[in-house]
Participant: 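Below is the structure I would like to discuss, written out as structure tokens.
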Amino acid sequence: MLERRKIFWHKFMSRARNKYSLYFFSILFILSLFAEIISNDKPIIMSLDEQIYFPIMVKYTDKELGGYFDTEADYKDEFITKRIKSADNWAIFPLNPHSYHSINLSNSTPNPASPSNYNYLGTDDRGRDVLARLIYGFRLSVLFAFALTAIGILIGIFFGAIQGYFAGRTDLYLQRFIEIWSSMPELYILIIFSSLFEPSVFLLIVLLSLFGWMSLSDYVRAEFLKGRNLEYVIAARTLGLTNTQIILKHILPNSMVSVITFLPFRISGAILILTSLDFLGLGVPPDTPSLGELLSQGKENIEAWWLSISTFFVLVGTLLLLIFIGEGIRESLDTRSS
């Protein structure tokens, strides 16, 4: 098994397209996990009156920083800005001094405003920084896709393994159930639940997980149907191993090729699903940073080209990287390739 992994990894990394796609996507994702440090309207660290503050990690009230209010401090407020710029005080701000929800109130042009030295990719129709919303939206999309893919894989493997291993009536009944369940109008169910409950990422994951596992279960079922009567499985039964031991230790590891091969494509599909739902207004809450919401704003504000173009490049670039990684995995697992 270890030797097979080494061969797979060597074949995968031997192609520049696979290697650089994996590196580039990994770097972008890891950087997005630190979005609060890269793009935020709060200082990373600051010193006021010889006292150190960490606004990104701790919420400070305006009164704690020398103001008069008990609400959270606004670090773009003129009073705090003057205090930071005064003698012996200092602050280190992120590279992009905007968060996904901060609004540019000092903009002289109407929103959405074009790119400038203050907002590198412009603002949206509410004056929020587009670059910040892209960074946070990319992170949300990828984490959402990872969660949805992981849940779909677990459910798909579970049902596919039961169908393929036990076969007979178990396979027949579950297959009829899957056929009935797959005929349910998924979009209508999403619309109904969106009207009944407050939109949230958790609700979306739950609803989409109810339907996202069926395509994978077919591949797992086929692998188990093929492997259940092989000699090493029969020998394991003869030695007295339980069904659970046979499934987990013998058949499943040899049936993971289809799961691993489709993994990047399922992640890219989940990103597209979230983007499409947000574009239609059926996804995450309105204030949540989302690629689909930015595309919807670009459609409604055709003249604001920076909304559509920047989101297009982020979305298409992410999907291309995932497709290249998926193609590389498929080629590396193909025993017929050299």
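If you're wondering where the values come from, they're calculated on a predicted model, not measured in any experiment.
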Participant: Measure the acute angle between the ring planes of F177 and W213, then classify it against the limits of 30° and 60° as parallel, tilted or perpendicular.
Facilitator: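 Answer is parallel, since the angle falls under 30°.
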Participant: Fit a plane to each ring of F138 and F25, take the angle between them on a 0 to 90° scale, and name the class: parallel (under 30°), tilted (30 to 60°) or perpendicular (over 60°).
Facilitator: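 Geometry flag for F25 against F138: perpendicular rings.
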Participant: Between V206 and L216, is there a shared hydrophobic cluster once you connect ILVMFWY residues whose side-chain heavy atoms come closer than 4.5 Å?
Facilitator: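 No; tracing contacts between hydrophobic side chains, which count when under 4.5 Å, never links both residues.
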Participant: Considering non-hydrogen atoms only, spot the tightest contact between T261 and I329 and give its length.
Facilitator: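 It is CA-CG2, 4.1 Å.
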Participant: Supply the atom-to-atom distance F69 CZ to K63 NZ, rounded to the nearest 0.5 angstrom.
Facilitator: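 Here the rounded value is 10.0 Å.
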Participant: Run the numbers on F146 and F29 for ring pair (Phe, Tyr, Trp, His ring centres under 6.0 Å), then give the verdict.
Facilitator: CA-CA 11 Å; F146 283 168; F29 175 62; 5.2 Å; yes
Participant: Counting only heavy atoms from other residues, nucleotides and ligands, does the tally under 6.0 Å from OH of Y136 exceed 12?
Facilitator: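 Yes.
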Participant: Answer yes or no: is there a donor N or O on one side and an acceptor on the other, between the side chain of R228 and the main chain of Y165, under 3.5 Å?
Facilitator: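 Yes, R228 side chain to Y165 backbone: donor-acceptor pair under 3.5 Å.
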Participant: Would you please name every residue forming a salt bridge (charged side-chain N to carboxylate O under 4.0 Å, His left out) with E300, sequence neighbours left out?
Facilitator: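 With neighbours one apart ignored, the set is empty.
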Participant: With a 6.0 Å cut-off on ring centres, are F197 and F193 close enough?
Facilitator: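 Between F197 and F193, the centre distance is under 6.0 Å.
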Participant: Are side-chain heavy atoms of T311 and Q297 found at a separation under 4.5 Å?
Facilitator: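 T311 vs Q297: side chains apart.
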Participant: Contact between N254 and L230 at the side-chain level, heavy atoms closer than 4.5 Å - yes or no?
Facilitator: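 Counting from C-beta outward, N254 and L230 never come under 4.5 Å.
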Participant: I would like to know whether L190 and L208 meet side chain to side chain contact (heavy atoms under 4.5 Å, CB included); could you show each step before the answer?
Facilitator: CA-CA 8 Å; L190 283 170; L208 294 175; 4.0 Å; yes
Participant: Would you check if the side chain of S32 reaches a backbone N or O of A35 as a donor-acceptor pair within less than 3.5 Å?
Facilitator: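 The answer is no, because no donor-acceptor pair under 3.5 Å joins these two groups.
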Participant: Do other residues, nucleotides or ligands put more than 12 heavy atoms under 6.0 Å from the CD atom of E303?
Facilitator: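 Yes.
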Participant: Above 12 or not: heavy atoms from other molecules or residues under 6.0 Å from CZ of F24?
Facilitator: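 Open: at most 12 neighbouring heavy atoms sit under 6.0 Å from CZ of F24.
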